[in-house]
Participant: 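Structure below; questions to follow.
Because the structure is a prediction, the values reported are computed rather than measured. Order of appearance sets the numbers: ligands from 1, and atoms from 1 within every ligand.
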Amino acid sequence: MPRTQSKTAASKKASGQTKEESDSMLLELFVDEIKDIFWAEKHLTKALPKMQKAATSEELQSAFETHLEQTEEHVTRLEKVFELLEEKAIGKKCEAMEGLVSEAQSVIEDTEEGTATRDVGLIIAAQKVEHYEIASYGSLTTLAKTLGRDDIAKILAQTLEEEKETDELLTGIAEEGVNYEANNEQEA
Ligand code: FE
Ligand code: FE
């Protein structure tokens, strides 16, 4: 069951507004941001299989495969958040994620199949995506707490951890091999 809102928002309200008004504006912003990340996650479930297919190393392929499964779970968790907010699960187009995904597509177009250089480019593109998600989930987790919704904060924090882990995993793949391999790669 949704909890009632905390009193903290009331103490921070802008002068001249009632508690309800200030709460509902912030809550509205919060719901809007949830719609943005919901659209973004769903967009990623379509992009990740393409990135997996394009990757050269098995390690990167399996990282994308694992993260696709996690991303599907992120969508499910957000559906749960909508439910807790008593809102319809509707996405709002996220221009940033659309742009990041089209950059990943450009990497695939601009690099040669079967090269470590392509993997380097894919890792850069994927880490930009993860950092966008980390920023989103980090802010939204904090905001959920401000709104007195620890139930929602807990769900968002779970996803935040997985995005951070993925980011670190990608750093590892780059630093432990792919970058060096690419550095020794000559043009055909
Ligand atoms: Fe995600
Ligand atoms: Fe992610």
Participant: According to a hydrophobic-cluster definition based on side-chain heavy atoms being under 4.5 Å apart (Ile, Leu, Val, Met, Phe, Trp, Tyr only), do I124 and L169 belong together?
Facilitator: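 Both belong to a single hydrophobic cluster.
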Participant: Closer than 2.8 Å to the Fe ion (ligand 1): how many protein N, O or S atoms are there?
Facilitator: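 Those protein atoms number 5 in total.
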Participant: Strictly below 4.0 Å, N to O, side chains only: are R77 and E162 in salt-bridge contact?
Facilitator: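 Looking at R77 and E162, the cut-off is met.
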Participant: Compare all side-chain heavy atoms of V120 with those of T111 and state whether any distance is below 4.5 angstrom.
Facilitator: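 When only atoms from C-beta onward are counted, T111 and V120 do not touch, as no gap falls below 4.5 Å.
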Participant: So, E72 versus T45: side-chain donor-acceptor pair below 3.5 Å or not?
Facilitator: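 Side chains of E72 and T45: no pair found under 3.5 Å.
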Participant: Salt-bridged, D32 to K92, with N to O below 4.0 Å?
Facilitator: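 Yes, this pair counts.
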Participant: Give me each pair satisfying side chain to side chain donor-acceptor pair (under 3.5 Å) with a member in residues 56-69, each pair once, sequence neighbours excluded.
Facilitator: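 Only S57-D119, H67-Q70, H67-E130, H67-E163, H67-T166 qualify under side chain to side chain donor-acceptor pair (under 3.5 Å).
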